[in-house]
**Student:** 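This structure is in structure tokens; I'll ask about it shortly.
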Protein chains: 2
Amino acid sequence: MPAEPSRPTLAAVAARAGVSQSTASLAFSGAGPVAEETRDRVLAAARELDYGGPDPRARSLRTGRSGIIAVVMEDRILDAFRDPMAVAMLDGIADEIGQAGYSLLLLTDSDDRPVGGLRDAPMDAALLLGCSTDLEPSVRVLSQRQVPLIGVEAAPREGMHRVDLDNRSGMRRGAEYLRELGHERVGVVMLPIDRARSRGALTPERLAASEAETARERLAGARDVFPDAPAEVGGGSLIDEGHRATAALLDAHPELTAIIAQSDLLGLGAIQAAEERGLVVPEDLSVLAFDGARIDGLSIHRLTTLVQPIVEKGRAAARMALAALAGEPVSDASFESELRIGTTTAPPRTS
Amino acid sequence: MPAEPSRPTLAAVAARAGVSQSTASLAFSGAGPVAEETRDRVLAAARELDYGGPDPRARSLRTGRSGIIAVVMEDRILDAFRDPMAVAMLDGIADEIGQAGYSLLLLTDSDDRPVGGLRDAPMDAALLLGCSTDLEPSVRVLSQRQVPLIGVEAAPREGMHRVDLDNRSGMRRGAEYLRELGHERVGVVMLPIDRARSRGALTPERLAASEAETARERLAGARDVFPDAPAEVGGGSLIDEGHRATAALLDAHPELTAIIAQSDLLGLGAIQAAEERGLVVPEDLSVLAFDGARIDGLSIHRLTTLVQPIVEKGRAAARMALAALAGEPVSDASFESELRIGTTTAPPRTS
DNA sequence: CGCAGGTATCGAATCGATTCGAGCGGCGGG
DNA sequence: CCCGCCGCTCGAATCGATTCGATACCTGCG
């Protein structure tokens, strides 16, 4: 091995400054009383040695804190970031976390490497975004490691704090609004309900086998009002998927006068599909969605949708993690959506 | 303090299994020879004590590796993820990094806390995405820490490996194509050129003060062909920004027959702005963009654009980091864009 | 039967900081 | 003038693993 430049250590700095290691440490961390003159000497020595501050690894071993909060998603990163809701929530999380001096570690629960980063990455807390039960093995590792766990719209689990949304009652409220407008034949365009993200008409069997809390709850809300509503499952929360699913739904059920989409993107796809077959929204087909996403560049329609406080949800999750880390008691949070009436719903044509 | 459950340590497991700590370590890591029977005993003891595997903090102190690769962006997370290019590149990075068993730490170079996570987060390497020179202080900390640095379209810096794109010659090729079609009056819609993301007409002073490599290079390419092309700066790579900037440009220069947008999103905004004022694309106004982004839900126009291998860029950056970590020699990478002719360019109307 | 060679295990040093209690002057009050 | 307190500095233990060299045992061969 050639010359060893090897990063200088705090001990080296202390030696050069002629103080003990403990004093040098105090000079850097600012904790504890240090004479100004001493601190200057230490900092000068550090500069001379090109010392860049204490090694985070050593520090984190000693203090038990790494300054990292992990966010675990089940999707591929690409898919997750295509979803404006995930991004918005992440933004809330990042903001809150950053403010508190933590950094954000992005983990996916990929099938390939079952507990890849989850097991080996240093983290002080973990936020699980919309995770299904089959994340169980990974999550177990974390609770063994006594990492505080916060689940956002995740299946309940012992020892996990939760952030929830009124998916069912919110969607029910939306459905009731459609019924009040006079709709009776309504179809539902669903978010994926399994990890394979398989498309197609929803059958009772598929529903029973599903692990996706959010999709199930939103469907339940819709069916509270329209018990027989047919549903088509999309392969993701994407405009194109909403387009495809709606087309399939309208092919199979031409009598539908309204579509309930489980997300705004699906709803936008529904509008595209409708227009493509010559239907005018909302006169020929009403579209109700969910999320209240702010989507760049789509200004023509204002979706009627259930607005959820997504950024706040992210913030809340982050704050719960921070509270848990601070040793404060943590109580679950639950949020409510609000029906925002746009230009995509109207009474059905009186035929 | 109440009862201390305190996570069991490897030493405890070793003791319970009746082996030495070293043996227990080997049993877990798989390195070194361990009799099968012994390993089973260790794993059993671990199970009984509910031991979740070695502490990443301690491991990383000892091994000098944390298994984390950081990605540094200058935007807020929200802004960065609104940009499909950033997301796509991140996807390439995440994929490559994950494959190698590393996790991804997301850092932003926020003004508030100058070296926030950058200084304190454990990381084995850092990827800087499109960062300007004023990232200097943060970056210096990292090179002090001897963390391998990879810059993507970043200003050159000593000790930093680079991934580059032919922004200038690519855009020049696009501009030449416009000229061949017969265009002479062309305007440029630009990406932000300063951290404040201030909008408005581009002046020579603002250009001189700018730090944004990518925007400058792409402009230079356009002006290689149309030296006097007026330019308007957008407040981000967003459809709405392209819309606004194009409107401003057309107000000030009604004679323009083509718009060169520095990103696809800006290009889409340009189309919107054109259509809004009754111009037909491409007959009345041609639009040339840059990126070749795959954008969900926009199927009407096929942008004429310079396609860049964005995912590959991400992969390359990640691979360079991994190579550096493996002690292999690293050589800079540079990529080329390709002009893809769509339906948004045509000869100008012969007036 | 003795020894070389190999394998499984062990001891102990080490990674680089933080932190707690003790020590040591200097200053103010009695 | 002496004592006690306060403010600064120092030593040494500690965090929880990895890893290198040494040890003990066993096998097979001469």
**Student:** CG of B:Leu10 versus P of C:dC15: gap in Å, rounded?
**Tutor:**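 Taking CG of B:Leu10 and P of C:dC15, I get 20 Å after rounding.
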**Student:** Of the nucleotides D:dA17, D:dT9, C:dC10, which has the atom closest to the A:Leu26 side chain?
**Tutor:**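 Within the option list, the nearest is D:dT9.
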**Student:** Counting side-chain heavy atoms from CB outward, which of D:dC8, C:dC10, D:dG16 is closest to A:Leu61?
**Tutor:**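 For the A:Leu61 side chain, the nearest candidate turns out to be D:dG16.
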**Student:** Students often get this wrong, so: under 4.0 angstrom with heavy atoms, is B:Ser25 touching a base, only sugar-phosphate, or nothing?
**Tutor:**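 Answer is base: heavy atoms of B:Ser25 come under 4.0 Å of a base.
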**Student:** Between A:Lys313 and A:Asp164, is the salt bridge (Lys or Arg N to Asp or Glu O under 4.0 Å) condition met? List the steps.
**Tutor:** CA-CA 8 Å; A:Lys313 255 170 60 187; A:Asp164 272 315; over 6 Å; no
**Student:** Specify the separation, in whole Å, of atom CZ of B:Arg57 and atom P of D:dT14.
**Tutor:**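 From B:Arg57 CZ to D:dT14 P: 19 Å.
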**Student:** Could you tell me if A:Ser25 and A:Ser22 have a donor-acceptor pair between their side chains, going purely by distance under 3.5 Å?
**Tutor:**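 Checked: A:Ser22/A:Ser25 side chains show no N/O donor-acceptor pair below 3.5 Å.
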**Student:** So does A:Glu328 have more than 12 non-hydrogen atoms from other groups sitting under 6.0 Å from CD?
**Tutor:**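 Counting neighbours around CD of A:Glu328, more than 12 heavy atoms of other residues, nucleotides or ligands fall under 6.0 Å, so yes.
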**Student:** Can you tell me which nucleotide in D:dT18, C:dT18, C:dT9 comes closest to the side chain of B:Arg62?
**Tutor:**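 Closest nucleotide among those given: D:dT18.
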**Student:** To the side chain of B:Ala35, which of D:dG16, C:dT9, C:dG16 is closest?
**Tutor:**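 Closest nucleotide to the B:Ala35 side chain: C:dT9.
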**Student:** In whole Å, I'd like the distance from the CZ atom of A:Arg65 to the C1' atom of C:dG16.
**Tutor:**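 Going from CZ in A:Arg65 over to C1' in C:dG16 covers 20 Å.
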**Student:** Checking all strands, does A:Ser22 fall into the base, sugar-phosphate, or nothing category for heavy-atom contacts under 4.0 angstrom?
**Tutor:**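 Base contact.
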**Student:** Checking contacts here: which listed nucleotide (C:dC10, C:dA17, D:dT9) is nearest the side-chain heavy atoms of A:Gln21?
**Tutor:**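 For the A:Gln21 side chain, the nearest candidate turns out to be C:dA17.
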**Student:** Rounding to an integer number of Å, can you tell me how far B:Glu36 CD sits from C:dT9 P?
**Tutor:**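 Roughly 11 Å, once rounded to whole Å.
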**Student:** So B:Pro54, base contact, sugar-phosphate only, or nothing? Heavy-atom distance under 4.0 Å.
**Tutor:**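 B:Pro54: backbone/sugar contact only, no base atoms under 4.0 Å.
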**Student:** Rounded to the nearest Å, what distance is computed from the CZ atom of residue B:Arg41 to the C1' atom of nucleotide C:dA8?
**Tutor:**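 To the nearest whole Å, that distance equals 12 Å.
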**Student:** What's the CZ-C1' distance between A:Phe28 and C:dG16, to the nearest Å?
**Tutor:**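 Checked: the CZ to C1' distance equals 13 Å.
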**Student:** Does A:Arg59 or B:Val34 map to a spot on DNA chain C nearer the 5' end, using the closest nucleotide for each?
**Tutor:**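 Its nearest nucleotide being more 5', the pick is B:Val34.
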**Student:** Rounded to the nearest Å, what distance is computed from the CZ atom of residue B:Arg39 to the P atom of nucleotide C:dT7?
**Tutor:**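 That distance rounds to 15 Å.
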**Student:** Base, sugar-phosphate or nothing for A:Thr63? Non-hydrogen atoms, less than 4.0 Å.
**Tutor:**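 Sugar-phosphate only.
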**Student:** Starting at CG of A:Asp55 and ending at P of C:dT18, how long is that distance when rounded to a whole Å?
**Tutor:**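 Result: 10 Å.
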**Student:** Please determine if a side-chain N or O atom of A:Tyr51 lies less than 4.0 Å away from the OP1 or OP2 oxygen of C:dG16.
**Tutor:**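 For C:dG16, OP1/OP2 do not have a side-chain N/O of A:Tyr51 under 4.0 Å.
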